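As the structure is a computational prediction, the values presented were derived from the model and not from experiment.
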Amino acid sequence: MKADFLTYQAQTTPHPLAMEVAKAEGSYIYNTEGKKFLDFVAGVSACSLGHQHPRVKTAIINQLDKYAHVMVYGEYAQSPAVQLTKLLAAHLPPSLQSTYLVNSGTEAIDGAIKLARRATGRTEIIAAVDAYHGNSYGALSLMSNEERTAPFKPMIGDVSFIKFNCDRYLERITEHTAGVVLETIQGGAGFIEPTNDFLSKVKQRCKDVGALLILDEIQPGMGRTGKLFGFEHYNVVPDILVTGKGLGGGMPIGAFTASRDTMALLSDNPKLGHITTFGGHPVIAAAALATLQEITETTLIADTLVKEQLIREQLVHPYITEIRGRGLMLAALTPSAAITSEVILACQDAGLILFWLLFEDRAIRITPPLTITTEEIIEGCAILLAALDQALEKHGSLT
């Protein structure tokens, strides 16, 4: 299978990990040789309830017994999508009541950009330096990293950048700005949280000049940070909310949410102002509904903060210089990119799945399923500490 994977399936990097997957269940993935791997990545924050969660699996099977795709988005009333958007509204502020379902987070970002331009009649979009919002042309255009955008230029026009957590850039948000797109917690940049009320200052500036604040909750959302939505930590409500990843419980989904009046602008002048064939797919929506119900009806969100504390208590080591993030969206930084890669690969050999971040090459991604147990956290941290000990023995103290 590995040979065929490398021959016939398009690759995203020159050297993929290429694990041959046989099955996955709970917090573990099993390869074709029967070896099990404790999953501390959760499909890059997507498998919020782990693998093969009974409630999600049952919802998928039950919906498949009724119907799958029947019509393009928005024409027929289909129970899973209706129930999902209604439940989202019940857990959001009154200004965020209308949700457009799409197939991925990057599609939701593109939809949010279109909506901001349509609602304001302006064109300028402002994003943050070292942001990551996806890889469609719209989302990629919000990336400041020249190395990643140069091969695909030209990007969409009238995009500019501000520095995250830097108040002096707020004046760049003007009467020409349609929308400001920010990750609630910067992901690829190194799990950087907003400080000094930065997000609320951005929101006030947007309000003052008539721009819209778009918050990307594709990673921080769905309980991962100890609140259902990350923005609940920071005294701010976006004008447009973007979600994805963990909402699907392992199935492909994205969504953007705004007020009813704002979202209605996409339905006329022109009609079909935004359209998708498979957005709101009934099987996917059923999985997302079950995921959202499980997260909101149990103690998983509160437990996330307890699990964060346990991880922080366990991961004390000379080669861990800092642990960033909140809840189960954590990044452990080592002294160098080389040590980080060495440790991640050693952990995989030892049966623990970890991963990298896009722009902060010293970071070890720790984003396990919300359902991970205390025992599994201790098991995984022990493997990681052993790999760090091996690196320390090999390289010695760097202080």
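- Every residue meeting the side-chain hydrogen bond (donor to acceptor under 3.5 Å, both in side chains) condition with E342, not counting sequence neighbours, appears here in chain and number order: H395.
- With sequence neighbours left out, the side-chain hydrogen bond (donor to acceptor under 3.5 Å, both in side chains) criterion links E297 to R55.
- Judged as a side chain to side chain donor-acceptor pair (under 3.5 Å), not a single pair has a partner in residues 1-11 (not counting sequence neighbours).
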Taking only distance into account, with no hydrogens and no angle test, what donor-acceptor pairs under 3.5 Å do side-chain atoms of residues 81-94 form with protein atoms, sequence neighbours excluded?
residue, atom, partner, partner atom, Å
Q83, NE2, S79, OG, 2.6
T85, OG1, A81, O, 3.0
T85, OG1, V82, O, 3.1

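- The salt bridge (charged side-chain N to carboxylate O under 4.0 Å, His left out) test applied to E322 returns R324, not counting sequence neighbours.
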Show me the side-chain donor-acceptor pairs of residues 151-162 shorter than 3.5 Å, one per line, residues at least two apart or across chains.
residue, atom, partner, partner atom, Å
K153, NZ, E146, OE1, 3.0
K153, NZ, E146, OE2, 2.9
D158, OD2, T123, OG1, 2.4
D158, OD2, E124, N, 3.2
S160, OG, E124, OE2, 3.2

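- Other residues, nucleotides and ligands contribute at most 12 non-hydrogen atoms within 6.0 Å of the OH atom of Y76.
- Rounding to the nearest 0.5 Å gives a distance of 6.5 Å between OG1 of T371 and NZ of K307.
- A tilted orientation is assigned to the rings of Y30 and Y28, their planes being inclined by 30° to 60°.
- The salt bridge (charged side-chain N to carboxylate O under 4.0 Å, His left out) test applied to K57 returns no partner, not counting sequence neighbours.
- Applying the salt bridge (charged side-chain N to carboxylate O under 4.0 Å, His left out) test to D361 and every residue at least two apart in sequence or in another chain returns nothing.
- A search for side-chain hydrogen bond (donor to acceptor under 3.5 Å, both in side chains) contacts involving T334 returns T340, not counting sequence neighbours.
- Here side chain to side chain donor-acceptor pair (under 3.5 Å) pairs that include residues 209-218, with residues two or more places apart or in two chains, are H133-D216, T184-E217.
- Relative ring orientation between H274 and F256 is described as perpendicular, the plane-to-plane angle rising above 60° on a 0-90° scale split at 30° and 60°.
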CA sep, side-chain torsions, deciding dist, call: Y132, F359, ring-ring contact (aromatic ring centres under 6.0 Å, His included):
CA-CA 9 Å; Y132 179 77; F359 299 127; 7.2 Å; no

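- Side-chain atoms of S341 do not come within 3.5 Å of backbone N or O of A338 as any donor-acceptor pair.
- In terms of the side-chain hydrogen bond (donor to acceptor under 3.5 Å, both in side chains) criterion, T12 has no residue partners (sequence neighbours excluded).
- At distances below 3.5 Å, not a single donor-acceptor pair connects side-chain atoms of S144 with backbone N or O atoms of V129.
- Between atom CG of residue L241 and atom OG1 of residue T257 there is a gap of 5.0 Å, rounded to the nearest 0.5 Å.
- F278 and I60 are assigned to two separate hydrophobic clusters, defined by single-linkage of ILVMFWY side chains at heavy-atom distances under 4.5 Å.
- By the salt bridge (charged side-chain N to carboxylate O under 4.0 Å, His left out) test, R326 pairs with E193, sequence neighbours left out.
- T262 and D239 share no side-chain donor-acceptor pair at under 3.5 Å.
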